[in-house]
Amino acid sequence: MKIQILGTGCAKCQKLAKHAEAAAQDLHLDYELVKVTDIKEITAFGVMMTPAIAIDGQVKLSGKVPSVDELKRLLTA
Amino acid sequence: MNNQSGAAPETEDTLPKSFLSNYLGLKIGLFLVAWFVIYRQLLTLSRYLTYDLIGLRPESHLGSAVEFFLYDTPKVLMLLVLVVFGVGILRSFITPELTRKILAGKRESTGNVLAALLGVVTPFCSCSAVPLFIGFVTAGIPLGITFSFLISAPMVNEIALVLLFGLLGWKVAALYFVTGIFIATVAGWTIGRLKLENHVEDWVREMHANRSEMPDTTMIWEERVGFGIDAVRDIVGKVWLYVVLGILAGAAIHGFVPENFMAGIMGKSAWWSVPASVLIGIPMYTNAAGIIPVVEALLGKGAALGTVLAFMMSVIALSFPEMVILRKVLKPRLIATFIGVVGAGIMLVGFLFNLVI
């Protein structure tokens with residue numbers, strides 16, 4: 001599973017990455033976490049608000065930092 | 001909240017909606033009542049604390065400064081919590097995607113007004129100004145309309161309005177709102193007329209509208225309220241210190257700076273003070289929370305309203321860090337035009353108010 005954190009490196013993006021990491025580890029997933037910080041790549045995903053999270057190339061959430069529980073639900077969906 | 005980590009979508013495995021919203025309604029109702037009761041006691045409480053408990057004399061400088069601080073700080077913070085919560089819930093309905101959909105295909109003048117208004121309520125942070133700009137432009141929204149949005153979003157916001165309302169009354173808050181929308185509309189329209197499309201960075205223009213469909217984000221009420229609470233935690237958590245420091249500075253000015261001290265520098269008679277205020281405001285970077293209490297105190301010492309409003313708008317709307325962020329998508333000439341047009345609009349408003357009021 002590929003988890004991508006989209007954000008230019010603001011505090012919220014770091015927090016989102018941390019939450020996603022925690023959620024994926026709790027679920028014992030086989031995952032790869034990538035931070036996408038290049039603005040051109042981020043906009044190529046079509047998001048208008050950072051931070052955003054994409055799972056296997058699909059944007060799941062943007063503009064907010066979800067809780068670890070919320071991320072677990074997204075990761076298992 | 002939902003503790004299940006199961007795979008079911010979140011709307012189905014929660015309690016029945018009606019039960020949740022009843023319960024939720026009750027909680028919010030209680031919160032509002034408690035808020036109102038406390039809010040009405042603030043003046044009495046601050047007087048009691050200052051003059052009875054601490055024992056300062058009402059006519060002393062220190063007394064008036066302390067009372068100002070003890071009254072205004074909780075008042076502004078409480079207003080902030082209430083409004084940020086309400087706006088947070090409102091914003092859970094208005095995503096940037098929705099705003100883009102509304103603005104796409106709108107004609108220029110109407111589009112500018114609409115964009116300026118939507119800038120107030122759409123969630124916005126200067127760190128995502130770039131993806132938002134690209135999202136708008138690639139969806140075919142004209143440059144001028146996009147700028148109306150980008151000008152109004154930081155300048156006319158709920159924090160500025162709450163502070164103006166709390167410290168200067170509803171008239172000044174309303175004036176700020178109307179002129180802010182006016183500047184955003186006219187400046188955006190002007191930029192649209194100047195035909196500067198080719199001063200957007202080339203890579204942006206080569207991008208195609210990427211319609212990666214966002215998942216449908218219909219939320220239940222519990223989530224919307226959660227969104228509001230998050231907004232309070234996030235925003236009030238970030239600005240409370242500025243509010244306190246700002247009011248502290250304001251209180252000091254109130255108590256110790258002589259009346260009419262500012263009249264010579266920022267008063268009506270000094271015409272050059274409006275452009276000077278705008279120029280000084282551009283490199284200054286603070287949020288509305290820090291600047292407005294100081295502004296309030298300056299007004300009390302003889303500064304003219306137009307000058308002070310111009311200063312404030314310039315500080316909030318034209319910030320250096322945002323220009324650096326926007327430089328990634330705009331060529332220098334467009335940035336310069338942006339600063340020039342918005343600055344001119346703000347100056348105009350400053351002169352106008354100094355003349356009229």
Side-chain angles (χ1 to χ4, degrees), chain A residues 1-17 19-20 22-29 35-77, chain B residues 1-11 13 88 91-92 94-101 122-139 149 201 203-204 206-215 217 219 223 226-227 230-231 233-234 238 325-329:
Chain A
M1 179 179 277
K2 193 172 181 189
I3 303 170
Q4 285 161 305
I5 307 293
L6 317 178
T8 43
C10 51
K12 281 184 183 174
C13 318
Q14 314 287 357
K15 209 167 143 194
L16 176 62
H19 283 191
Q25 268 167 12
D26 276 4
L27 293 166
H28 304 291
L29 291 173
K35 284 184 190 169
V36 182
T37 51
D38 182 55
I39 192 75
K40 292 177 199 181
E41 280 182 62
I42 293 172
T43 45
F45 276 90
V47 297
M48 284 202 281
M49 275 220 300
T50 53
I53 182 166
I55 297 168
D56 291 331
Q58 272 283 321
V59 178
K60 293 291 180 190
L61 267 180
S62 78
K64 68 175 218 167
V65 180
S67 67
V68 176
D69 278 341
E70 234 175 302
L71 280 165
K72 279 188 197 169
R73 258 179 278 137
L74 278 179
L75 288 168
T76 46
Chain B
M1 280 305 219
N2 187 357
N3 291 321
Q4 276 173 278
S5 54
E10 46 217 272
T11 37
D13 56 352
R91 282 190 181 152
S92 72
I94 303 166
T95 59
E97 283 79 14
L98 177 70
T99 299
R100 178 168 68 176
K101 216 157 103 189
T122 310
F124 176 80
C125 110
S126 59
C127 53
S128 46
V130 166
L132 193 121
F133 178 85
I134 295 170
F136 275 25
V137 170
T138 53
F149 181 92
E201 285 291 346
W203 66 271
V204 177
E206 283 152 17
M207 282 194 75
H208 297 288
N210 191 328
R211 298 259 175 200
S212 101
E213 278 309 312
M214 285 297 290
T217 45
M219 290 192 242
E223 288 177 280
F227 204 83
D230 280 350
R233 206 177 291 155
D234 197 42
K238 220 181 303 172
I325 291 172
L326 284 175
R327 174 64 190 90
K328 286 180 191 157
V329 283

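Convention: sequence-line order gives letters A, B, ...; per-chain numbering from 1. Computed from a predicted structure; not experimentally measured.
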Mind running side-chain contact (heavy atoms from CB on, under 4.5 Å) on B:D234 and A:K12 for me, showing each step along the way? CA-CA 10 Å; B:D234 197 42; A:K12 281 184 183 174; 3.6 Å; yes
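Looking at every heavy atom in both residues, B:P123 comes nearest to A:M49 through O-SD, 3.7 Å. B:E97 and A:S62 get closest at one heavy-atom pair: OE2-OG, 4.4 Å.
Enclosure of atom CZ in B:R327 by more than 12 non-hydrogen atoms of other residues, nucleotides or ligands within 6.0 angstrom is indicated.
Remark: A:E70 CD to B:E223 CD distance equals 7.0 Å, nearest 0.5 Å.
Taking the side chain as every heavy atom from C-beta outward, A:T43 and B:F133 never approach each other to under 4.5 Å.
The contact between B:L132 and chain A is made by backbone and side chain atoms together, counting heavy-atom distances below 4.5 Å.
Interface check for chain A: of the options B:A129, B:G135, B:P96, the most heavy-atom pairs under 4.5 Å are formed by B:P96.
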